[in-house]
Amino acid sequence: MDIRQAHIRNFSIIAHIDHGKSTLADRLIESTGQLTQREMKEQILDSMDLERERGITIKLQTTRLVYKALDGEEYILNLIDTPGHVDFTYEVSRSLAACEGAVLVVDAAQGVEAQTLANVYLADEQGLEIVPVLNKIDLPSARPEEIKREIEETIGIIAEDAPMISAKEGLNVRDVLEAVVKKVPAPTGDIDAPLKALIFDSFYDTYKGAIAMIRVLDGTVKKGDQITMMAQNKHFEVAEVGFFSPTMLAIPQLKAGDVGYVCASIKNVGDCRVGDTITQKKNPTLKALPGYKKATPMVFCGIYPADGEHYEDIRDALEKLQLNDAAISFEAETSVALGFGFRCGFLGLLHLEIVQERLEREYDLDIIATSPSVIYRVTKTDGEVIMVQNPTNLPEVTRITRIEEPVVKADIIVPSEYVGNIMELCQNRRGTMDHMHYIDDKRVILTYDLPLNEVIYDFFDALKSKTRGYGSLDYHFKDYQESKLVKLDVLINKEVIDAFSLIVHETKAVARGRQICERLKDAIPRQMFVIPIQAAIGNKIVAREDIKAMRKDVLAKCYGGDISRKRKLLEKQKEGKKKMRQLGSVDVPQNAFLSVLKFDEK
Amino acid sequence: MKNKGVYIHVPFCERKCHYCHFLSSTHLEGMGDYVRDLVGEIRLYQEDLSGATTLYLGGGTPSLLEIEDLKTIFAALGKRDFTEITIEVNPESLTAGKLEGYRALGINRISMGIQTSHDRHLVTMGRGHDFTQAAGKVALIKASGFENFNIDLIYGLPGQSLKEVGEDLAAFIGLGAPHISTYGLSYDEGTDFHQRLSAGLLEPVTDDLDREMFALIKETLEAEGLMRYEISNFARPGYESRHNLIYWSGEPYVGLGPGAHGHLEGLRYENHRSFSDYHQAVVRGERPRGSVERPGDEEFEYIMLNLRKVEGFEIEDFNRRFKKDFLKSHEAVLGKLTLAGVIEIQGGWVFFTDYGFDISNEALVHFMG
């Protein structure tokens, strides 16, 4: 092993959500002394402002730290950020593929949670060295010794000498850096072999084009090199290489073991695919890296512009998002009610919510999202098997032999006093218990088979609400199972509104139909005529609510000829109306679409 | 055009009513300066005043003006062929002497705010009179030979019942006015009522009750021969307010006094609301306008104003004015609104139904471009 590589450590931080991953990352950057706390804030904020002006966002994803260890040697630590959520196991695994080790942060008060386990499994699959760290030891409720035992028992890694820190207070953060240096193996690439580099992330810059975040496994890459994207078989000339520290810093070249970025004037975002292998055009490596399994979207919904005019803007935004979030899929679709839009696929409901939020916040788009759906496997009477992810495309009942739905295996960790609540919840959601296991006398892990379509609506909200926020969840796809499913249509003013249609289990259809009618009744304002809201299965109406006609909307005084006041009032009212969507002859506000998806205690 | 109005705003009151958002000051010591400035402003409008057919003194409380002040103002206006001259009065300040003075000046119509026959509501509203006093002043108006007069009724008061509105109607009809204006109470920003509503101290009537009240008002007054001719006005035939009809027909009017609105040569303006801005402009010899605008959408304004009238407007008149076919250019909207029972088209006229008036804001928004 060469001396240069012996002084490199490539690692990620993994944790259950809210266990302090980002705070620790910030502390590590600070404590390696490159930036003071104030500078860091300013610098990161500046860079984000700049990105915002250019219309893109770069998260602080990968940072090079220089650390002088207790052994007197200077090490380069490449910290590769990972997304923190259950839906993003795919993204976590792709970050992990660029590392040799992972710092596992566990909350010293809360202990091991569902995503702690899920992340450990992923790190294990990649053969990474796992470095456990106990965070939040400053909390009065911290019980580090118990949690260490818990880590050893449930995860099976030794936690005896795990650093005990408070990232928030900056306590013992240096112990983490020492542990990384000591425990995480150095990279072992061959600097003289042909270039072989993994694209583990990418993003778009208006001036530089698509930028690839890479881990160099073998060889070197520098400005002027002719490189090949192996999966695409496309060639580019390298314009710049460098690393983040935490802003972009150009250097002469990247070598085996390094983590950094490559710009090569790549105009088309699709040419810079995450998971692809980069090599030299002239002296290529023989075999590409295995890359990633393509992430399979599990949850789908329609995304439409709120005002119908911004269809192209949504396409642009989705394309850009797709670049650093390859798990998003989308294709154009048309809804009778909403016009032109996109059917988008996501890894899970939270992924869906995050993408919606990014479209609204980062791209300033007003969107309407339809009810989420999963993919159903439908066998038709003529023997053809089709995959249906838009309820509108479900064939007529008489032409269906059977419908199968995706079932997930879900791990739910809850304090023992809430076990009853969760069993009740899972039963209501058509779950089947696989097993139940006490982590200690206070906490239980429940494993259930749950139909995915029961999970995607509001399961997570319900879980949180029924465990006072203490429950945690992780799930992964298990298989397809036959089920008695029906299509539920919603009619507003006697017209089927396809955007509200959904596929539900027949035992749930009536209750769900009733609930949707009630919510739409509250969400849609009174109009000039009575509006019936109905839910129907086939031709059978199963629920109905009426929105009464508007009773009063008049301001009848007009003393002294103040006409402008009245006109301005009406103009304001008109603006409010414009924000609504016309479905048939009914004005429906955007929040009506959201309101049918929200969790309700009842 | 055959009609032209003059509106003079008299922005002074002895006290501010709790629901009122109109420009008015309680510093009555400023009235002398006001009259001087108003006269100055009138001089700047001599040409526009020619051909004026109606004059309306509104407020505020115009009956706070002394007859001498009115004489000064009328002298400045010069000799005009007004067919209708209205003055707004309140029960407290109206005297037999003033009424006599009004007659001598040619004022031929009185408009008095009474609002309700229930003294407890009058107190809540911050009015300075009780019903008995108001009824006495109506008798005085009639005794002074004014047979053309209006009284204002406000309904939908906090805590008001339908029965009380019925009692108000009986009491108001008993006063024998040939014109009654009815206003649904609104809680306008900046008023004491608005503040108390926000603080949860007042309970507004529900929309349903509000409409029941109005339905009762319409039924009762029309049974007495007081016909609804505009969204909130009732009159015996021949007693409709000519001045107000000018507003609703889109005809021109000169607005004078602080905060007054005018409509001249296609422009709508509002005078300075600040007394000192108003004063300084007049002293400089400038028309004291705070804002002037040309209505962007004249078609819409025509529809909005004319539909206030029960008769609506004649389609031919619209077509002539805007050189287009109203029925064709508004086909979709008309289809929707007639289907919903909001407007009717009959004998070449377009007009609101009773339900249309109830929800006229929502209906009008449909006509906006």
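Just the heavy atoms: all of them, side chains too, but no hydrogens, waters or symmetry mates, feed the values below. The structure displayed is predicted, hence computed values, not measured ones. Just so we're on the same page: letters track the sequence lines, and every chain starts at 1.
Contacts of M368(B) with chain A are made by both backbone and side-chain atoms, with heavy-atom separations under 4.5 Å. In this structure, the portions of K574(A) lying under 4.5 Å from any heavy atom of chain B include both its backbone and its side chain. For R211(B), the parts sitting under 4.5 Å from any heavy atom of chain A are the backbone and the side chain alike. Looking at E270(B), neither its backbone nor its side chain comes within 4.5 Å of chain A, counting heavy atoms on both sides. For F357(B), the part lying under 4.5 angstrom from a heavy atom of chain A is the backbone only. When heavy atoms are compared at a cutoff of 4.5 Å, D208(B) approaches chain A by way of both its backbone and its side chain.
Legend: residues meeting side-chain hydrogen bond (donor to acceptor under 3.5 Å, both in side chains) with Y229(B), ordered by chain and number and at least two apart, are H179(B).
Between chain A and the options I359(B), L337(B), D210(B), V342(B), the largest number of non-hydrogen pairs under 4.5 Å is found for I359(B). In terms of heavy-atom pairs under 4.5 Å with chain A, the best-connected choice from H9(B), H263(B), M304(B) is M304(B).
Side chain to side chain, T392(A) and D498(A) fail the donor-acceptor criterion of an N or O pair below 3.5 Å. Residues N3(B) and T54(B) bring no donor and acceptor atom of their side chains to less than 3.5 Å of each other.
Between atom OG of residue S111(B) and atom CG of residue N90(B) there is a gap of 11.0 Å, rounded to the nearest 0.5 Å.
In this structure, the side chains of F529(A) and S585(A) come closer than 4.5 Å at one or more pairs of heavy atoms.
Proximity to chain B at a heavy-atom threshold of 4.5 Å picks out nothing from residues 537-544 of chain A.
Side-chain atoms of E84(B) do not come within 3.5 Å of backbone N or O of L55(B) as any donor-acceptor pair.
In this pair, H330(B) and F367(B) present their aromatic rings tilted. The plane angle is within the 30 to 60° band. Ring geometry, Y253(B) versus Y247(B): the interplanar angle exceeds 60°, so the pair is classed perpendicular (tilted spans 30 to 60°). The aromatic rings of F593(A) and F500(A) sit parallel to each other, their planes meeting at less than 30°, with 60° as the upper class boundary.
Across F193(B) and M125(B), no two heavy atoms sit closer than the pair CZ-CA, 4.0 Å.
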